[in-house]
Protein chains: 2
Amino acid sequence: MSTSRPTINDVATRAGVSKSLVSLALSGSTKVSDASRQRIVDAVAELGYRRNAAARSLAVRRSHTIGVLILDLHNPVFAEILDGVQIEVREHGFSTMLISGGADPELERAEIETLLQFQVEGLVLIAHRLPASVLRAIAADVPTVVVTRDDIAVPNMDSVSNDDVAGARLAVNHLVELGHSRIVHLDGGENPVSHARADGYRLAMTQHGLSEHIRVVPGGLTDAKGYAAACEALSSSPTALFVANDVAAIGAIAAVENSNLRVPEDISVIGYDGISIGGLRRLNLTTIAQPLADLGRLAAQHMLYRINNRTAPAVRQHVSATLVIRGTTGRLKTRA
Amino acid sequence: MSTSRPTINDVATRAGVSKSLVSLALSGSTKVSDASRQRIVDAVAELGYRRNAAARSLAVRRSHTIGVLILDLHNPVFAEILDGVQIEVREHGFSTMLISGGADPELERAEIETLLQFQVEGLVLIAHRLPASVLRAIAADVPTVVVTRDDIAVPNMDSVSNDDVAGARLAVNHLVELGHSRIVHLDGGENPVSHARADGYRLAMTQHGLSEHIRVVPGGLTDAKGYAAACEALSSSPTALFVANDVAAIGAIAAVENSNLRVPEDISVIGYDGISIGGLRRLNLTTIAQPLADLGRLAAQHMLYRINNRTAPAVRQHVSATLVIRGTTGRLKTRA
DNA sequence: CATACTTGTTGGAGCGTTCCAACGAAAGGT
DNA sequence: ACCTTTCGTTGGAACGCTCCAACAAGTATG
């Protein structure tokens with residue numbers, strides 16, 4: 001008794017009532033007399049009693065917890081999405097259990113398994129690298145929603161993402177309006193999101209009658225890859241670069257400046273994502289901003305809805321990204 | 001049966017053994033015959049059985065989960081510390097339950113309460129804003145370790161932090177070696193960490209015989225505050241700025257450049273923390289880097305040790321930060 | 001050949017909750 | 001006076017698991 005935690009029984013004896021009444025009082029039932037309630041509250045305080053969530057979840061067969069898998073905590077994009085998720089689920093009385101994928105996709109699966117053992121009532125996957133088969137199995141088990149990807153259609157699984165094709169077109173439109181036509185795209189490598197952005201670029205270029213200027217340089221989603229891709233792109237003397245994401249765009253700017261060209265005077269650069277550091281004065285990056293927190297909030301909403309409607313048809317929601325004009329794009333100067 | 005999850009009993013009947021044997025097999029006991037084990041493994045697969053962590057934790061009275069409170073997920077410093085924590089605890093078979101503080105310190109407390117209800121076996125507080133009294137109560141209840149702060153001494157509570165005074169001296173030493181003497185410190189506002197860094201600055205300046213050049217400009221830990229503080233600092237035409245953290249340093253650089261001065265040619269700037277974005281080529285920030293992942297790993301180690309040694313004396317560990325020289329500091333040029 | 005130990009297995013108790021059926025007491029209706 | 005409600009309260013079963021004592025059946029020991 002002295003060493004281990006007090007239980008509901010200890011509270012009951014101390015308050016001179018039954019454990020059932022304590023349980024009732026704890027869950028805020030109205031059918032408890034004021035006198036009893038007061039005695040219970042006192043006993044709780046005196047003993048430092050705390051409900052055991054494991055026992056509770058066993059008894060009610062609900063964990064009031066949702067699991068969140070986040071691909072990479074370092075990527076500020078994901079942190080901001082997570083924010084939205086947390087706010088939304090908290091409002092509905094849920095806790096979150098968070099795991100971050102790390103390098104190994106196989107580990108990602110194991111971690112999800114842990115989450116499921118904890119009987120999470122829903123799963124939010126903020127990006128992921130799971131094959132369709134695994135996704136299908138998971139979604140069949142527990143309400144699941146995927147954020148930032150919508151390439152794998154699974155019954156009973158919702159997705160929330162921005163429309164990357166439309167976003168890319170926004171970027172190209174902006175550059176065209178500034179007078180650019182030699183617009184090169186530094187792509188983000190082999191992943192569905194990057195493919196969609198590249199497609200949007202090609203589409204927009206074609207629509208503006210610039211199809212002969214279409215040039216996609218293979219890149220990646222990191223600073224270093226953006227730098228390398230930009231170095232290569234410069235060979236065809238573009239006047240503007242549309243880069244697959246913000247981090248790579250920052251790398252690209254460094255490459256441009258290293259070649260003694262100025263941004264945006266000589267070359268305009270626009271990124272994609274809208275990560276908060278893009279707003280740092282030193283970077284001041286023009287970008288296509290995803291409404292990150294909204295993405296998270298919406299995802300959580302879908303999941304919460306699905307908890308009560310397990311068989312609801314799959315929702316694939318797209319939210320639109322917006323152009324954020326900062327300092328790295330400018331009007332084309334006719335080179336003398 | 002059809003709708004709800006299979007239990008250990010379902011597996012037992014299916015495999016034609018007792019639930020006890022299933023339990024044994026699941027926990028990898030050697031006292032299970034190969035024949036039985038195989039049947040159990042098959043039954044598990046066929047039924048899609050998954051251990052119920054809540055029931056398990058209730059029975060063994062251990063949750064194998066540790067709670068992590070992270071002040072602010074957006075701050076890359078904390079994300080990197082978290083990484084270290086995760087790696088370490090995972091190796092020891094623990095899961096983590098993560099909560100992020102958000103704006104309201106009161107909410108922080110409530111979230112910790114949730115964590116405790118889940119019977120977490122330990123708590124890692126990655127920065128926090130809790131008063132000593134609360135800290136004391138928590139640490140008395142559950143093994144707790146604080147990262148990046150060591151200003152509040154509580155029995156049975158460990159802390160791991162970098163020595164901010166020493167780190168600040170490293171920064172000043174570096175600048176002095178480059179020939180600077182008009183070194184201004186942009187501080188980080190009213191918090192223990194920033195105070196320590198300012199103290200270190202003053203100490204080092206004095207030791208170099210530069211006490212008459214000591215100047216501390218009130219700032220903060222954000223881009224905007226760094227910018228503002230730098231603007232003010234420029235009035236005394238310094239040759240170098242030592243800024244309280246990296247994010248503010250990036251803001252300071254923007255301010256310097258806006259005044260048509262170049263970094264590092266006209267003014268050197270050094271930050272503190274070693275966040276990964278400081279390494280972006282476009283920023284290329286010289287800084288005092290805390291070994292962030294190590295901080296997390298060590299914290300987890302102390303906590304894991306304390307789980308088995310509840311009354312171990314409090315450890316207050318300091319790890320040393322290191323100077324990372326990049327492109328924002330340079331040798332003083334004697335202005336012509 | 002009895003005794004002891006080993007190996008594989010089992011039922012039951014217990015972990016801390018919630019929830020249900022059931023209760024006595026007080027109150028209301030006729 | 002009786003029956004019916006309502007109110008506050010209660011014990012016990014259940015949730016899914018682990019662990020302990022116990023037990024057959026086989027193996028080794030003296």
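So you know, we letter chains A, B, ... as the sequences are listed, proteins then strands, and number each from 1.
- The minimum heavy-atom distance between A/Asp72 and A/Phe78, with the atom names listed, is O-CD1, 3.3 Å.
- Of the listed nucleotides (C/dG16, D/dC17, C/dT10), C/dT10 has the atom at the smallest distance from the side chain of B/Leu21.
- The interatomic distance linking A/Arg62 (CZ) with D/dG16 (P) rounds to 16 Å, in whole Å.
- Look at CG on A/Asp34: it is 12 Å from C1' on D/dG8, rounded to the nearest Å.
- Per the geometry, CD belonging to A/Gln119 stands 14 Å off P belonging to D/dC15, to the nearest Å.
- Residue whose closest nucleotide on DNA chain C sits further toward the 5' end, between B/Leu58 and B/Gly16: B/Gly16.
- Remark: A/Asp150 pairs with A/His318 by the side-chain hydrogen bond (donor to acceptor under 3.5 Å, both in side chains) rule, at least two apart or across chains.
- By the side-chain contact (heavy atoms from CB on, under 4.5 Å) test, A/Leu47 pairs with A/Pro6, A/Asp10, A/Val11, A/Arg14, sequence neighbours left out.
- Listed by first then second residue, pairs satisfying ring pair (Phe, Tyr, Trp, His ring centres under 6.0 Å) with a partner in residues 99-144 of chain A number zero, not counting sequence neighbours.
- Straight-line distance from the CZ atom of A/Arg61 to the P atom of D/dC17: 12 Å, rounded to whole Å.
- Across the protein-nucleic acid pair, A/Lys31 atom NZ and D/dT5 atom P stand 15 Å apart, rounded to whole Å.
- Under the side-chain hydrogen bond (donor to acceptor under 3.5 Å, both in side chains) criterion, B/Glu190 pairs with B/His195, sequence neighbours left out.
- Ionic pairing of B/Asp294 and B/Arg297 is present here: one or more N-O contacts between side-chain nitrogen and carboxylate oxygen are shorter than 4.0 angstrom.
- For B/Ser36 and C/dT9, the shortest distance from a side-chain N or O to OP1 or OP2 is below 4.0 Å.
- For the pair B/Gln38 CD and C/dG8 P, the computed distance is 16 Å after rounding to whole Å.
- Taking the side-chain hydrogen bond (donor to acceptor under 3.5 Å, both in side chains) definition, one finds that A/Arg149 meets it with A/Asp151, sequence neighbours left out.
- Look at CZ on B/Arg5: it is 13 Å from C1' on D/dG16, rounded to the nearest Å.
- For DNA chain D, no neighbouring residue in residues 43-56 of chain A is found when judged by any heavy atom under 4.0 Å.
- Not counting sequence neighbours, A/Arg56 has no partner by the side-chain hydrogen bond (donor to acceptor under 3.5 Å, both in side chains) test.
- Considering only side-chain N and O atoms, B/Ser18 lies under 4.0 angstrom from the phosphate OP1 or OP2 of C/dT10.
- Between A/Ile8 atom CD1 and D/dA13 atom C1' there is a gap of 15 Å when expressed in whole angstrom units.
- Screening residues 80-104 of chain B for ring pair (Phe, Tyr, Trp, His ring centres under 6.0 Å) gives B/His64-B/Phe94 as the qualifying pairs, with residues at least two apart or on separate chains.
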Problem - Protein proximity profile, nucleotides 19-24 of chain D - base contact B, sugar-phosphate-only contact S, no contact -, cut-off 4.0 Å on heavy atoms - result: B-----

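- At the phosphate of D/dT9, OP1 or OP2 sits under 4.0 Å from a side-chain N or O atom of A/Ser33.
- Applying the ring pair (Phe, Tyr, Trp, His ring centres under 6.0 Å) test to every pair with at least one member in residues 132-158 of chain A, sequence neighbours left out, gives no pairs at all.
- Checked against salt bridge (charged side-chain N to carboxylate O under 4.0 Å, His left out), A/Asp141 has the following partners two or more places apart in sequence or in another chain: B/Arg5, B/Arg50.
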Could you list all N or O pairs between the protein and nucleotides 21-24 of chain C that sit under 3.5 Å apart?
none

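- Donor-acceptor pairing under 3.5 Å is lacking for the side chains of A/Ser57 and A/Gln119.
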